[in-house]
2 protein chains.
Amino acid sequence: MANIRDIARHANVSVTTVSRVINAHPYVSDEKRERVQRAMKELGYLRNQQALTLSTGRTQRFVVVLPYMDHPYYGLFVNGLAKAALTKDYRLVMWQTEYRLDQERQALDLLKHREVDGAIVLSHTMTFEEMTTYRAYGPIAVATVGAPETISSVHVDHYTAFQAGLRVLAEAGHEDIGIILSRADSPSSIARQRAYFDEVASARERWIFSGYLTSEDGKQLVSAFLSEQERPRALFFSSDYVALGFLGEAARRGLRVPYDVAVLGFDGHPIGQAFGLSTMRSPNEDIGRALFDATFQEMTGGPVVQKSLTVTHIPGMTV
Amino acid sequence: MANIRDIARHANVSVTTVSRVINAHPYVSDEKRERVQRAMKELGYLRNQQALTLSTGRTQRFVVVLPYMDHPYYGLFVNGLAKAALTKDYRLVMWQTEYRLDQERQALDLLKHREVDGAIVLSHTMTFEEMTTYRAYGPIAVATVGAPETISSVHVDHYTAFQAGLRVLAEAGHEDIGIILSRADSPSSIARQRAYFDEVASARERWIFSGYLTSEDGKQLVSAFLSEQERPRALFFSSDYVALGFLGEAARRGLRVPYDVAVLGFDGHPIGQAFGLSTMRSPNEDIGRALFDATFQEMTGGPVVQKSLTVTHIPGMTV
DNA sequence: GTACAAGCTGAAACGCGTTTCAGAGCAAGC
DNA sequence: GCTTGCTCTGAAACGCGTTTCAGCTTGTAC
């Protein structure tokens, strides 16, 4: 627990000199540098990160705000973030919100209290208007569309992405298409619904299945689907996990994919491949990486960045 | 950016009094308390967490060390950790190691530099001997077996757990059993191999498939399996994800489960259910919660805890 | 011989909240 | 009347690394 002053005393130099040695400042004579280094070794000096943080005002930490840490949908984002953070010697404080507004606020309060240098928000229920009030306390980057110009954003445009997916289904000859959403009122779900009505002639409210978030939900969907009078011939999911849950249960119930119903996933999680799931791959790892970089750069005076990435179709056997 | 001294000046009291108001200390007259509160409101005071941290010596943070943040196997652990952390107003700093020793060391160095109050290690390649050298800097809790008595541990005993799984297969009439491991030399894999040789009469080296970590690996395994001359009639996996990857590909290649080969998973991830996967459920969320509690309690002077939890069989259609 | 730059050094201030300690005022107990 | 104890208050020290600024020495340029 020796501190910098102990070292200074032991080496018979000033604390400034010790600090200079630690930070490899050139203006230290070889002799004193050596004395300091010896003292540090002898006393087992370890720099106190808390003091450093208070002194410099930089925490080397970002908070990552996301609804569920164990939802595989966020896995690739987080992976990209983690990799980027490592290269810049940054730490990630994970904050699980479960879509609760108070939790989102608590997470962004870390910014206010200087507990983190910036915030990366993967999904949120908070309005951008409210989010903007936190902007004065540090950079914020989101993975969603519609951010105001003060907030960095790297995302896929879910309207275009969904449009692309619907066209894949159309090209495969499907006209009667249903869509599966997570929360109906999230910005991305709203964009998806718009794309659905714009793109699909036979689109109808009854074929929008919303509230499906997990693979378990996907399993349940089979019953909901089978109980429909008029069924769509193809389903476009907004998560591979939900799609897989559906596939598994469908097989058990004798529903043949893609003959009875085609299935198109969304996100491109590796496990989809094992089951031959057709999907629209979203470059989530790239997004994670770019979100980190945006936040980092903005912190060092860089501009707000807003980037929109595109999805690509990964063919499988379910369409 | 007003600080406590600005408030004191504004309210015409000492900084001590301001601090007392902030911390709800009783010995403050109503009049001064009000003056201070008014000053805080007027100047928009926000407590600086960094200063608090330096002053109290407590960071309110634990580092969570795990190989891959996006590997679903760790999802439930992390979920349990996050929930417990929330109740104690603690933050989790996630550290992804990719099983690299230098990364594990860097993570535990946070402890040395007082950047976190404790460490929770979900998986590690570091020896317990080395880990013990970090113990002086704060509490450590691991999710693995074999920890020395200075290190808290909440885990499933993989020997017993694997034994239980092998008996499930035996009871279903399987004699020729193969096992699938992640890294062959990890402590849990070693325990699993021991259980395998102890429990299965026809056990053989060739039927130990190791190096299978992801669903993609599980998919690959089908080829490896099919190219065996003498094939086992049942496979016991050590991860549901790998098992699912196998199931998906097996179906595509016309390998019928469980007629041609039975499949038993391990961990109990929800998505397994959708595919009717038989599995041994590991109480990972409970473990996460308990690991947090152990670390927290130890920090406040509590004892080291070592707990072993058991797995339960979840029947499915693949055995 | 003078000026200016570069190398080296350390005292003091800074970031900011908490805690200790000393002291004043006042009421209750004997 | 005196002791004891509680309420209230603030100065100063503490946690600890960085940065600014002033000052000294030595070297180089003209």
Side-chain angles (χ1 to χ4, degrees), chain A residues 1-37 39-40 43-61 89 109-117 137-138, chain B residues 1-37 39-40 43-61 89 109-117 137-138:
Chain A
M1 298 293 195
N3 65 31
I4 209 178
R5 273 157 246 263
D6 297 328
I7 304 299
R9 235 188 324 269
H10 203 79
N12 202 27
V13 297
S14 71
V15 293
T16 316
T17 300
V18 177
S19 176
R20 278 196 263 258
V21 171
I22 293 171
N23 296 289
H25 189 286
Y27 288 176
V28 180
S29 67
D30 289 348
E31 191 228 332
K32 296 208 172 178
R33 186 189 321 281
E34 218 171 279
R35 281 209 326 252
V36 169
Q37 280 163 346
M40 292 201 294
L43 300 184
Y45 175 72
L46 290 169
R47 191 205 231 161
N48 183 326
Q49 187 67 29
Q50 299 169 194
L52 184 63
T53 288
L54 175 61
S55 184
T56 60
R58 283 247 248 148
T59 62
Q60 305 277 104
R61 283 189 294 274
D89 197 26
D109 277 343
L110 297 192
L111 214 50
K112 279 195 175 178
H113 293 111
R114 310 228 221 350
E115 209 174 326
V116 295
D117 294 336
Y137 304 99
Chain B
M1 298 293 195
N3 65 31
I4 209 179
R5 272 157 247 262
D6 296 329
I7 305 297
R9 237 188 324 270
H10 203 80
N12 203 25
V13 297
S14 71
V15 293
T16 316
T17 300
V18 177
S19 177
R20 278 196 263 259
V21 171
I22 293 171
N23 295 291
H25 190 286
Y27 288 174
V28 180
S29 66
D30 290 347
E31 190 230 332
K32 294 207 172 179
R33 185 189 319 282
E34 218 171 280
R35 277 202 338 244
V36 168
Q37 279 163 346
M40 291 202 294
L43 300 185
Y45 175 72
L46 290 169
R47 191 204 232 163
N48 183 327
Q49 186 67 30
Q50 299 170 196
L52 183 63
T53 288
L54 175 61
S55 184
T56 61
R58 287 243 278 185
T59 62
Q60 305 276 105
R61 283 190 294 274
D89 197 26
D109 277 343
L110 297 191
L111 214 51
K112 280 195 175 178
H113 293 110
R114 315 234 225 337
E115 209 174 324
V116 295
D117 294 336
Y137 304 98

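The figures that follow rest on heavy atoms only: side chains count, while hydrogens, waters and symmetry mates do not. Letters A, B, ... are given to chains in the order of the sequence lines, protein chains preceding strands, and every chain is numbered from 1.
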Pro26(B) vs Ala51(B), nearer the 5' end of DNA chain D by closest nucleotide
Pro26(B)
Where each residue is assigned the nucleotide of DNA chain D containing its nearest heavy atom, which of Val13(B) and Thr16(A) is assigned the position nearer the 5′ end?
Val13(B)
Does [X] make a side-chain N or O approach to OP1 or OP2 of [N] shorter than 4.0 Å?
X: Ser14(A); N: dT9(C); answer: no
X: Ser19(B); N: dT18(C); answer: yes
X: Tyr45(B); N: dG17(C); answer: yes
X: Ser29(B); N: dT9(D); answer: yes
X: Asn23(B); N: dT18(C); answer: yes
X: Ser55(A); N: dG17(D); answer: no

Quickly work out the [X] [atom1] to [N] [atom2] distance and round it to whole Å.
X: Asn3(A); N: dG17(D); atom1: CG; atom2: P; answer: 5 Å
X: Met1(A); N: dC14(D); atom1: CE; atom2: P; answer: 18 Å
X: Arg9(B); N: dG10(D); atom1: CZ; atom2: P; answer: 14 Å
X: Arg20(A); N: dT19(D); atom1: CZ; atom2: P; answer: 11 Å
X: Arg47(B); N: dT18(C); atom1: CZ; atom2: P; answer: 5 Å
X: Leu52(B); N: dC16(C); atom1: CG; atom2: C1'; answer: 10 Å
X: Tyr27(A); N: dA22(D); atom1: OH; atom2: P; answer: 17 Å
X: Ile4(A); N: dC14(D); atom1: CD1; atom2: P; answer: 17 Å

Close side-chain approach of [X] and [Y], heavy atoms under 4.5 Å:
X: Gln50(B); Y: Thr59(A); result: yes
X: Ile22(B); Y: Ile4(B); result: yes
X: Asp117(A); Y: Arg61(A); result: no

Scan [X] against the nucleic acid and name what it touches under 4.0 Å (heavy atoms): base, sugar-phosphate only, or nothing.
X: Arg114(A); result: sugar-phosphate
X: Val28(A); result: sugar-phosphate
X: Arg33(B); result: nothing

Residues passing the side-chain hydrogen bond (donor to acceptor under 3.5 Å, both in side chains) test with Thr17(B), sequence neighbours excluded, are Ser14(B)
If the condition is side-chain hydrogen bond (donor to acceptor under 3.5 Å, both in side chains), which residues does Asp6(A) pass it with, not counting sequence neighbours?
Arg9(A)
Starting at the 5' end of DNA chain C and moving along, which residue's nearest nucleotide shows up first, Arg5(A) or His25(A)?
His25(A)
